[in-house]
Amino acid sequence: MEKVLLLSPWQAEKARPKALAGFDAAMTGSEFCHNELPSAEAAAALAAAGGGKFILSTPIMTDKALGGWERFVRKHRSLLAEVVVNDWGFAGFLRTQRLELSAGRLMMRELALLAPGWVKDFLRRHGIARGEADRPDLAEAAKRLGLQVSWHGGYVFRAVTTYCPFEDHFKAACSLSCAGRTLKLGNRQLGQDLFLAGNAYFSEQTTKKIPARIYRQVIRPAGSGPA
């Protein structure tokens, strides 16, 4: 089983080669927030420290943000071993770059609900070989679609929000006040705690057991939040 270290962009800025010891690759970016575009320096450092294997994680995005992510991919194409994609439009752009792709957790939730025949054709045409999962049912859905499973342990993604509680606004731009912070939210009606990291909500996984036949395990540094 391949092991990948997932770092937020601000963790990636400070990462040292020894932090990647024992890992097969490094991943940074964000599956949920279009403002968490890593720096060129962090990308180059992770690619070098990860033995040349650097995975970029990408979110759903506005038209304005799309340009920045496209420019990053074009400029650093040689550093990228793989891209995790959640935005259907961005998947079309990535198809032109002939990159190895993995369907992110947002996209996998949608793919699991669609007609398998159509989905398999979409995956083939876009070169999507893997699927990110944090629930056993999504892992099984990915396997049924012929995808290798990239497993995220510890937390389950629940939803994204356009409201930023860290800065109290709905603006697309921000000053990354959420960096390194996780808010624990309680609700008696929900029956469990939610965790807010960046612009995404998570709950704790009910089991630590890793599903069978997993290709990759994605691991966050000790003490990191769910994203």
Side-chain angles (χ1 to χ4, degrees), residues 1-2 4 6 27 29-34 36 55-67 69-70 73 80-163 172 190 192 194-195 197-207 209-218 226-227:
M1 181 192 304
E2 191 175 79
V4 172
L6 172 61
M27 179 189 295
S30 174
E31 281 193 74
F32 311 107
C33 180
H34 64 215
E36 293 186 27
I55 301 169
L56 179 66
S57 188
T58 67
I60 52 173
M61 52 191 81
T62 63
D63 289 346
K64 185 175 181 180
L66 182 64
W69 287 86
E70 285 186 352
V73 169
L80 300 176
E82 187 175 334
V83 177
V84 175
V85 59
N86 283 288
D87 190 292
W88 292 71
F90 195 53
F93 161 73
L94 293 172
R95 176 186 180 186
T96 68
Q97 302 301 300
R98 299 186 180 278
L99 285 157
E100 190 169 337
L101 304 182
S102 178
R105 284 175 279 179
L106 272 167
M107 183 176 279
M108 269 307 307
R109 279 159 172 73
E110 296 167 330
L111 293 174
L113 299 174
L114 299 174
W118 183 91
V119 171
K120 288 181 180 180
D121 183 61
F122 172 84
L123 297 173
R124 179 188 56 78
R125 287 187 290 107
H126 288 78
I128 299 176
R130 299 190 179 92
E132 309 295 310
D134 52 18
R135 295 185 342 221
D137 63 311
L138 284 180
E140 288 304 315
K143 293 173 189 175
R144 288 195 300 272
L145 293 169
L147 297 173
Q148 295 174 327
V149 179
S150 184
W151 179 254
H152 296 248
Y155 296 88
V156 176
F157 162 70
R158 293 298 182 185
V160 291
T161 176
T162 55
Y163 170 70
L190 197 60
Q192 62 181 322
L194 285 180
F195 298 86
N199 67 330
Y201 294 93
F202 302 83
S203 62
E204 290 184 317
Q205 285 178 342
T206 56
T207 177
K209 184 178 179 181
I210 299 174
R213 295 180 288 120
I214 296 302
Y215 171 81
R216 170 185 293 160
Q217 184 181 10
V218 180

Nearest heavy-atom contact between Val218 and Ser150 is CG2-OG, 3.3 Å
Nearest heavy-atom pair of Asp87 and Val85: which atoms, and what distance?
-> O-CG2, 3.4 Å
Applying salt bridge (charged side-chain N to carboxylate O under 4.0 Å, His left out), run through Glu82 and Arg216 and close with a yes or a no.
-> CA-CA 13 Å; Glu82 187 175 334; Arg216 170 185 293 160; 2.9 Å; yes
Side-chain donor/acceptor of Asn86 to backbone N/O of Met107, under 3.5 Å | yes
Do Ile60 and Leu106 pass the side chain to side chain contact (heavy atoms under 4.5 Å, CB included) test, and can you show the C-alpha distance, the side-chain angles, and the key distance before you say yes or no?
-> CA-CA 8 Å; Ile60 52 173; Leu106 272 167; 4.0 Å; yes
Gln205 and Gly154: which non-hydrogen atoms are nearest, and at how many Å?
-> OE1-N, 2.7 Å
For Val149 and Ala139, work out which heavy atoms get closest and say how close.
-> CG2-O, 3.5 Å
Glu204 vs Gln192 side-chain heavy atoms within contact, under 4.5 Å | no
Could you go step by step and tell me if Ile55 and Val83 meet the side chain to side chain contact (heavy atoms under 4.5 Å, CB included) rule?
-> CA-CA 6 Å; Ile55 301 169; Val83 177; over 6 Å; no
About how many Å separate OG of Ser57 and CE of Met27, when rounded to the nearest 0.5 Å?
-> 6.0 Å
Side chains of Trp151 and Glu132: do they bring a donor and an acceptor to under 3.5 Å?
-> no
Can you check side chain to side chain contact (heavy atoms under 4.5 Å, CB included) on Phe32 and Val160, steps first, answer last?
-> CA-CA 7 Å; Phe32 311 107; Val160 291; 3.8 Å; yes
Quick one: does Leu66's side chain get under 4.5 Å of Phe90's, heavy atoms only?
-> yes
Side chains of Val73 and Leu56: closer than 4.5 Å at any heavy-atom pair?
-> yes
Considering all heavy atoms of both residues, which atom of Ala103 and which atom of Leu111 are nearest to each other, and what is their separation?
-> CB-CD1, 3.8 Å
Are Ile128 and Leu147 side-chain neighbours, meaning at least one heavy-atom pair lies under 4.5 Å?
-> yes
To the nearest 0.5 Å, atom NE2 of His34 lies from atom CG of Asp63 at 11.0 Å
So do the side chains of Pro116 and Arg144 get within less than 4.5 Å of each other, counting heavy atoms only?
-> no
Please tabulate, for side-chain N and O atoms in residues 91-101, each donor-acceptor pair with protein atoms closer than 3.5 Å (sequence neighbours left out).
residue	atom	partner	partner atom	Å
Arg95	NE	Arg125	O	3.1
Thr96	OG1	Phe93	O	2.5
Glu100	OE2	Arg130	NH1	2.4
Glu100	OE2	Arg130	NH2	3.1

Under-4.0 Å salt bridge between Glu31 and Arg105 = yes
Answer whether the closest heavy-atom distance between the side chains of Leu145 and Leu123 falls below 4.5 Å.
-> yes
Could you tell me whether Asp134 and Arg109 make a salt bridge, using a distance below 4.0 angstrom between a side-chain N and a carboxylate O?
-> yes
For this output row, return yes or no: ring centroids of Phe195 and Tyr201 closer than 6.0 angstrom.
-> no
Between Gly29 and Trp69 the two heavy atoms that sit nearest each other are CA-CH2, 4.5 Å
From His152 atom NE2 to Leu138 atom CG, the distance as rounded to the nearest 0.5 Å = 11.0 Å
Measure up the Phe122 and Trp88 rings against each other and bin them: parallel (under 30°), tilted (30 to 60°), perpendicular (over 60°).
-> tilted
